[in-house]
Protein chains: 2
Amino acid sequence: MIDDDLVFKALADPTRRFLLDLLFMVDGRTLTGLESELAMTRFGVMKHLRVLEEAGLVITRRQGREKLHFLNPVPIRQIHDRWIDKYTEHRTAALLDLKRELEEGP
Amino acid sequence: MIDDDLVFKALADPTRRFLLDLLFMVDGRTLTGLESELAMTRFGVMKHLRVLEEAGLVITRRQGREKLHFLNPVPIRQIHDRWIDKYTEHRTAALLDLKRELEEGP
DNA sequence: AAGTTACGTGACCCATTGGTCACATGTCAA
DNA sequence: TTGACATGTGACCAATGGGTCACGTAACTT
C-alpha cells in the first residue's frame, strides 16, 4: 500500500508519461538528451525523472558523467493485474480491439 | 492526450484506488454503501466517485433514489497497452509470476 | 590546469487538490 | 403530505505538487 502509491503518483503527470513514451521508443537516454525534447528547464526534467526512478518505473545506470535512463514495464503490468482478473482479461482486450477497429475504419 | 489524463489523475489518489478495489470485489454498489467502508465524510467519497466517473473508470446507473457504481476495466487495459508491447508482454508477465512465487515461498 | 560538459541540491512561488460543512433537491413509505 | 432517506452543489481551508533559479560538484578534453 506504500510503494504502489509512488507509481500512481508518478504516472499522474503528463510530462512524466511523455518521458516514459520517449524511453519506450528509444531506451537508455540521458538527462540532457531527454531535456532537448521538452519545453522545460533541465531542473524540471530532473525532478520528473527522479520521481519516475523512485517509483521504479525508470531504472538508471551511471556511465562516466552521464546517467542513462531505462524504462521498467513491471509496475505497469502490476496495475493491470490489480483490477483485471484472468477471466475478464480476454473479454476486455477483445473489446478494445473492436473499439480500435471501429475508430480506424476498414 | 486529454481524456487519458483524467484516468491517471483519478488513479493517483489512494482513496480512489481503494474504491476501485471495493467495486472489483462487489460491483454495483451505492454511495452510502461505499461510504460506510471509508473513514471519510459522504461528501469526500462523492467527490472521489465523481472523479472516477469522469475518467470512465466507474460507470453509474440510477435506480430510483439510488446511484449504482460499476467498475470499468477498459481504461486500465489501455494503460497496459501503452508501455508494454506484445513482444515483451510474455516476458514481463513471466517475470512477475516468478517474483510472486519467490515472495510467497514454496 | 583551465574550461566545458553533465548532473545535483536547496529554497522559493504559484496552481491544484483532498476534505469538510451549510444548504438544497429528489424519492420512497406510511 | 409529512418525514426519513439518498444524492447533489457551492464555498472554503490546508496541504501537496509542478516549475524555476542561484549555486555546487564531478568528469571529460585539450
Side-chain angles (χ1 to χ4, degrees), chain A residues 1-23 26-71 75, chain B residues 1-23 26-71 75:
Chain A
M1 285 287 189
I2 297 289
D3 63 333
D4 74 333
D5 191 62
L6 293 177
V7 175
F8 287 104
K9 289 260 169 62
L11 291 174
D13 186 85
T15 304
R16 287 195 286 266
R17 293 196 298 273
F18 182 63
L19 284 170
L20 292 182
D21 290 335
L22 291 176
L23 292 180
V26 180
D27 221 9
R29 309 185 68 172
T30 177
L31 166 61
T32 43
L34 292 166
E35 176 212 341
S36 65
E37 307 229 26
L38 293 180
M40 191 184 302
T41 322
R42 176 174 55 92
F43 309 98
V45 181
M46 204 189 322
K47 260 193 171 181
H48 286 304
L49 286 174
R50 177 182 176 83
V51 173
L52 288 170
E53 188 177 357
E54 288 178 342
L57 285 161
V58 161
I59 296 178
T60 63
R61 200 183 72 220
R62 304 230 40 158
Q63 196 174 57
R65 61 181 163 182
E66 290 181 335
K67 188 176 181 181
L68 305 181
H69 299 77
F70 300 88
L71 172 62
Chain B
M1 287 288 190
I2 298 289
D3 62 332
D4 73 333
D5 191 61
L6 293 177
V7 175
F8 287 105
K9 289 260 168 62
L11 291 174
D13 186 85
T15 303
R16 289 195 286 267
R17 292 196 299 273
F18 182 62
L19 284 170
L20 293 181
D21 290 335
L22 291 176
L23 293 179
V26 180
D27 221 8
R29 309 186 69 172
T30 178
L31 166 61
T32 43
L34 292 167
E35 177 211 342
S36 64
E37 307 229 27
L38 292 180
M40 191 185 300
T41 321
R42 175 175 56 92
F43 309 98
V45 181
M46 204 188 323
K47 260 192 171 180
H48 286 304
L49 285 174
R50 177 181 177 82
V51 174
L52 288 170
E53 188 178 357
E54 287 178 342
L57 285 162
V58 160
I59 296 177
T60 62
R61 200 181 72 219
R62 303 231 41 158
Q63 196 174 57
R65 61 180 162 181
E66 290 180 334
K67 189 175 181 181
L68 305 181
H69 300 77
F70 300 87
L71 173 62

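Letters A, B, ... are given to chains in the order of the sequence lines, protein chains preceding strands, and every chain is numbered from 1.
- Contact between A:L6 and A:A55 at its shortest, heavy atoms only, is O-CB, 3.5 Å.
- Atoms CD (A:E54) and P (D:dG17) sit 11 Å apart, rounded to a whole Å.
- Axis angle between the ends of the helix from C:dT4-D:dA27 to C:dA30-D:dT1, five pairs each and rounded to 10 degrees, works out to 30°.
- A donor-acceptor contact under 3.5 Å is formed by the side chain of B:R65 with the base of D:dC5.
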Pairs under 3.5 Å (N/O, protein and nucleotides 8-11 of chain C):
| unit_1 | atom_1 | unit_2 | atom_2 | d |
| --- | --- | --- | --- | --- |
| C:dG8 | OP1 | A:K67 | NZ | 3.3 |
| C:dG8 | N7 | A:R42 | NH1 | 3.3 |
| C:dG8 | O6 | A:R42 | NH2 | 3.3 |

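- Here B:F70 contributes atom CZ and B:I59 contributes atom CD1; the two are 9.0 Å apart, rounded to the nearest 0.5 Å.
- Note: B:L49 CG to B:L20 CG = 9.0 Å, rounded to the nearest 0.5 Å.
- When the nucleotides D:dG17, C:dT20, D:dA6 are ranked by their closest atom to the side chain of B:T30, D:dA6 comes out on top.
- Looking at heavy-atom distances under 4.0 Å, B:G64 makes contact with sugar-phosphate atoms alone, never a base.
- Between A:R29 and A:E35 there is no salt bridge, since no side-chain N of the basic residue sits under 4.0 Å from a carboxylate O of the acidic one.
- Heavy-atom nearest nucleotides on DNA chain C were determined for B:Q63 and for B:T15, and the one closer to the 5' end corresponds to B:T15.
- A:R50 has a carboxylate O that lies under 4.0 Å from a charged side-chain N of A:E54, or vice versa, which qualifies the two as a salt bridge.
- One finds no salt bridge joining A:D13 and A:R17 here, because no Lys/Arg side-chain nitrogen approaches an Asp/Glu carboxylate oxygen to under 4.0 Å.
- Judged by distance alone, the side chain of B:R16 and the main-chain N or O of B:H48 form no donor-acceptor pair under 3.5 Å.
- A:D27 contributes a side-chain N or O that, together with a main-chain N or O of A:L71, makes up a donor-acceptor pair within less than 3.5 Å.
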